2 protein chains.
Amino acid sequence: MSSRSTAERLRDGGERVTRQRLDVWEALERIGRQVSAQDLYDELRRRHPRIGRATVYRTLEALVAVGVARRFELDGHVSAYVACRPQHHHHLACHRCGRVEEIDEGYVAPVAARVAADRGFRIDDARLDFYGTCARCAAG
Amino acid sequence: MSSRSTAERLRDGGERVTRQRLDVWEALERIGRQVSAQDLYDELRRRHPRIGRATVYRTLEALVAVGVARRFELDGHVSAYVACRPQHHHHLACHRCGRVEEIDEGYVAPVAARVAADRGFRIDDARLDFYGTCARCAAG
DNA sequence: TCCCATAACGAGACTGAGTATCAGATAGGG
DNA sequence: CCCTATCTGATACTCAGTCTCGTTATGGGA
């Protein structure tokens, strides 16, 4: 989860490791919740005034491509990004506080297997998202 | 699945039933696969040259709201729509032919229950999407 | 059946997310 | 250290989606 492992991931994916990409990753991880590309850009400019808008967008795509970030769909049709475990596809999103937790692959795999068997589908990818209220928000 | 049941759904949801809304629904159902709002608009204008762009967008939202259509996220960040069973949230999408099949709620409910119990989450909504190759495309 | 308040419509302007372009900078292999 | 392919940043551009506003039509009530 450190910037070191992100650098490795980029290299393994045939992507270059640049100062800007690490900055984008660092900001995404520090925020720790879903954030739109535009908001992340605004945040980044506070610390790195010369960073380019397109760079942020391109970098987010690159981070998604190598599996350290994930694109998410917000209500509005806007996409948001979250730093996450490589390859992770399943989320538990609180629409009160915006926090996104991950759900283990283990919950989904058996369902995928059953669906594949029942429908003759060859499944390459799966997404499972739950929306609701997290324990903390429900309490407070 | 007829336009009659869509009319009822709109009425039940406190939405008015208009010629345009039924036209949009009819086109969406006829196409029978995921389609972007813009493409649906282009298609609709062939038969109904006076229909407005905003009307199509607004109507798609209304159809989603009353549960006879579903918004979908395509690769590009563009959203697409599919006619579907009311309240339906789970799909099996073939990225070869674009066809979208539905998955029964029954596959997901037990997983939702387990996740809710394990994490203390109050789940309001769930989405499960599988991507892959359908039986027909895999054969041909 | 007619009325009319209110919701929906159509046209077109507007917003803003995301992309393309291109000259200059830089990572990283040799 | 060099060289080149890739990345960056500035800016212009595209186009999905929204808003506005004058007009039209739905549908509940008299």
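All figures in this text were calculated on a predicted structure; none of them were measured in a lab. Residue numbers begin at 1 in each chain, while the letters A, B, ... track the order of the sequences.
- Of the listed nucleotides (D:dG17, C:dG10, C:dG18), C:dG18 has the atom at the smallest distance from the side chain of A:Ala37.
- Atom pair B:Arg71:CZ and D:dA16:P shows a separation of 15 Å (rounding to whole Å applied).
- Counting heavy atoms from C-beta on, the side chains of A:Arg30 and A:Glu43 come closer than 4.5 Å.
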Please step through salt bridge (charged side-chain N to carboxylate O under 4.0 Å, His left out) for the pair A:Asp12 and A:Arg9, ending with a clear verdict. CA-CA 5 Å; A:Asp12 292 352; A:Arg9 285 239 140 225; over 6 Å; no
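- Counting heavy atoms of neighbouring residues, nucleotides and ligands inside a 6.0 Å radius, atom CZ of B:Arg136 does not exceed 12 of them.
- Going from atom OH of B:Tyr41 over to atom P of D:dC15 covers 15 Å, rounded to whole Å.
- In this structure, B:Trp25 atom CH2 and C:dA8 atom P are separated by 18 Å, rounded to whole Å.
- Side chains of B:Ile51 and B:Arg45 form a contact here, defined as non-hydrogen atoms less than 4.5 Å apart.
- With the end axes of the helix from C:dT1-D:dA30 to C:dG30-D:dC1 each set by five pairs, the angle from one to the other reads 50° at 10° resolution.
- Ion pairing of A:Glu15 with A:Arg11 is absent here, as no side-chain N (NZ or NE/NH1/NH2) approaches a carboxylate O to less than 4.0 Å.
- OP1 or OP2 of C:dG18 has at least one side-chain nitrogen or oxygen of A:Ser79 nearer than 4.0 Å.
- In this entry the distance linking OH of A:Tyr57 with C1' of D:dC13 reads 14 Å, nearest Å.
- Residue A:Arg53 is in base contact, counting any heavy-atom pair closer than 4.0 Å across all strands shown.
- Put simply, the side chain of B:Tyr57 reaches to within 4.5 Å of the side chain of B:Gln38, judged on heavy atoms.
- Judged as a salt bridge (Lys or Arg N to Asp or Glu O under 4.0 Å), the pairs with a partner in residues 49-63 of chain B (not counting sequence neighbours) are, in order, B:Glu61-B:Arg71.
- Taking atom CG of B:Asp42 as the reference point, atom C1' of D:dA16 lies 12 Å away to the nearest angstrom.
- Each of B:Glu61 and A:Gly14 has a nearest nucleotide on DNA chain D; the 5'-most of these lies closest to A:Gly14.
- Here the rule is side chain to side chain contact (heavy atoms under 4.5 Å, CB included) with A:Arg21, and of A:Val17, A:Thr18, A:Asp23 only A:Thr18 fits it.
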How does protein reach along nucleotides 21-30 of chain C, written 5' to 3' as B (base within reach of a heavy atom under 4.0 Å), S (only sugar-phosphate), or - (no contact)? B----BBS--
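- Atom pair B:Glu8:CD and D:dG27:P shows a separation of 13 Å (rounding to whole Å applied).
- With A:His90 as the fixed residue, the side-chain hydrogen bond (donor to acceptor under 3.5 Å, both in side chains) test singles out one of A:Glu101, A:Arg127, A:Arg70, A:Glu105: A:Glu105.
- Going from atom CG of B:Leu10 over to atom P of C:dA7 covers 15 Å, rounded to whole Å.
- Regarding B:Leu60, its CG atom lies at a distance of 13 Å from the P atom of D:dA16, rounded to whole Å.
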